[in-house]
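So the structure is just underneath, and the comments pick up after that.
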Amino acid sequence: MTLNVLEGSMAVAESVRLCNPDVIAFYPITPQTHIAQEIATLIADGKLKCQHIEVESEFSALSAVIGSSAAGSRSYTATSSQGLALMHEVLFAAAGMRLPIVMNVVNRALSAPINIWNDYQDSVSERDTGWIQLYAETNQEAVDLTIKAFRIAEDKRVLLPIMVCMDGFFLSHTMEPVDIPKSIGNFIPKYKPTHAYLDSKRPMSQGTFAYPKPYNTLRHELSKTIDKSNIVIREVNEEFSKKFKRSSGNGLIDTYKNDRKISIITMGSLAGNLRYVVNKRDDCGLLRIVSFRPFPKCDIIDALKDKETVIIFEKDISLGTSGGSLFEEIRSALYSLDKKPKIIGVVCGIGGVDVKTDDIEKIIESADTMDNGKIVWLS
Amino acid sequence: MGAVTSAKLLASAAFKDGKSCQAFPFFGVDRRGSPVEAYCRIDDSFILVRQQVYTPDYVMILDKTLIGVVDVLAGLKEGGVIIVNSDVSVDFKSDAKVFRVDATKIAFDIFGKNLVNTPILGAFVKATGQVTFKSLIAAIKEHFKGDIADKNVEAVKRAYKECR
């Protein structure tokens with residue numbers, strides 16, 4: 001392992017290079033821009049040999065890689081915020097056509113008003129599209145998850161697109177020590193498409209029309225496949241950890257000192273601040289959700305079943321429910337327990353507002369006096 | 001003014017000294033010349049916290065015209081140190097120790113333009129000793145190439161010497 005001080009975007013670009021995609025297309029948008037810029041530089045310098053398609057929008061960027069993936073090429077793109085929102089229609093197509101596209105989402109708030117800073121309203125809004133969603137805590141994890149994503153997506157038991165989500169600015173524009181493996185060997189073998197490719201001797205139609213019955217069957221299959229992808233995510237995480245001596249918890253969730261009576265829960269880089277708080281105190285431990293889709297219901301129940309209180313800190317607001325989506329989903333997962341912990345939701349970091357360790361501690365300290373199901377808005 | 005690069009070079013130098021580091025900007029607008037804050041944390045082990053720096057040990061002011069416009073000393077710890085780029089002495093009305101260097105003059109002499117982000121680091125090393133001079137030079141040589149690297153090294157050396 002060789003650590004170097006790298007910006008998150010540069011580090012991710014290097015990890016994409018290691019995975020040798022055949023086709024890349026993107027449209028630059030803050031804060032994804034540095035990834036696009038660095039990958040374009042790698043291609044111009046001859047360090048990454050692939051077809052780079054310049055497009056006029058994010059809708060086209062994803063459409064282009066849907067086309068290249070359907071033709072049998074390993075395909076990659078990256079975006080943020082409004083760019084992801086513009087892709088919305090074709091996100092469903094990528095998943096429905098079972099195309100193993102990898103996309104880094106550099107998380108940023110959505111308009112209006114215009115805001116370039118980090119929160120998860122962009123990717124969480126796309127949770128029902130059939131894409132796997134993994135969230136990175138550190139620049140190292142953004143690198144590792146990007147590499148693992150190609151392997152998971154292309155596994156024959158999965159064949160689904162993956163979003164590797166990383167926090168805008170908090171990771172993308174932050175420099176910290178990162179290890180970029182010199183080589184990943186055969187961890188990502190050459191992509192041999194079996195279901196979607198271009199071959200004049202074996203012509204096929206893809207993404208065609210389907211009557212209610214076959215459509216219904218295919219949607220059910222898609223639902224079962226993304227549910228079962230947790231097995232592959234776990235396996236790939238384990239194999240990666242054997243080879244590179246690092247892991248993202250069990251691949252789906254990550255826990256830290258979680259034997260205490262309170263669990264504080266989050267996704268992404270905010271886990272750093274939560275870890276800091278856990279180290280300072282003796283009453284709480286951390287549960288970090290790595291995989292938001294598939295949603296690791298069983299792992300979450302297992303991690304929270306003996307808790308007195310669980311507090312969910314999330315950079316998302318599901319407008320009309322008063323809280324964030326992670327809060328609602330964890331609360332619903334805990335419904336099956338006979339003895340349910342008290343649950344508190346914290347909407348924080350919306351539009352890039354700093355979530356300070358002091359504020360996190362204040363909420364933990366006042367949790368006792370809060371009603372079960374209370375949602376706090378931190379601003 | 002290139003404050004983002006200053007923070008990155010400082011982080012890189014600290015890492016070369018065997019420390020862990022974290023450098024990041026607070027972005028307002030992404031264009032040269034607009035007021036920008038950039039932060040650098042240095043520690044012995046991997047840095048978990050990712051919030052902005054509210055109580056700095058050291059403050060570097062690259063542009064003295066910001067003084068009075070922005071509360072440049074906000075949260076500065078007791079016993080903190082200020083490093084300011086200025087041609088005249090500045091009264092901060094604070095107990096903090098102040099180091100001054102005319103980085104603008106150094107920059108115009110060496111680069112022919114107002115690039116103060118590397119010279120100020122020479123003053124930082126002199127004022128704080130938080131990174132070694134050797135590692136700072138190595139970080140600069142890694143970041144810049146050829147003639148530009150040499151000029152930056154020269155600027156840092158001069159700032160180190162002239163910092164008071």
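In what follows, chains are A, B, ... by sequence order, proteins preceding strands, each numbered from 1. All values derive from a computational prediction rather than experimental measurement.
Within the 4.5 angstrom heavy-atom criterion, no atom of A:Val277 approaches chain B. Contact annotation for B:Tyr39: neither backbone nor side-chain heavy atoms come within less than 4.5 Å of a heavy atom of chain A. Looking at A:Leu171, the atoms closer than 4.5 Å to chain B (heavy atoms on both sides) all sit in the side chain, from C-beta outward. Within the 4.5 angstrom heavy-atom criterion, only side-chain atoms of A:Asn279, from C-beta onward, approach chain B.
When each of B:Gln52, B:Arg41, B:Lys16 is checked for heavy-atom pairs under 4.5 Å with chain A, B:Gln52 comes out on top. Of all the listed residues (A:Val5, A:Asp354, A:Thr174, A:Asn273), the one sharing the greatest number of non-hydrogen pairs under 4.5 Å with chain B is A:Asp354.
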Verify side-chain contact (heavy atoms from CB on, under 4.5 Å) between B:Thr104 and B:Phe108, making sure each step is shown before the conclusion. CA-CA 6 Å; B:Thr104 302; B:Phe108 273 108; 3.7 Å; yes
Taking it one step at a time, do A:Ser291 and A:Tyr135 satisfy side chain to side chain donor-acceptor pair (under 3.5 Å)? CA-CA 7 Å; A:Ser291 168; A:Tyr135 288 77; over 6 Å; no
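Between the side chains of A:Tyr120 and A:Asp167, at least one donor N or O sits under 3.5 Å from an acceptor N or O. In the model, A:Asn237 has no side-chain atom that pairs as donor or acceptor with a side-chain atom of A:Ser247 under 3.5 Å.
The aromatic rings of A:Phe169 and A:Trp117 lie tilted to each other, with the angle between the two planes from 30° to 60°.
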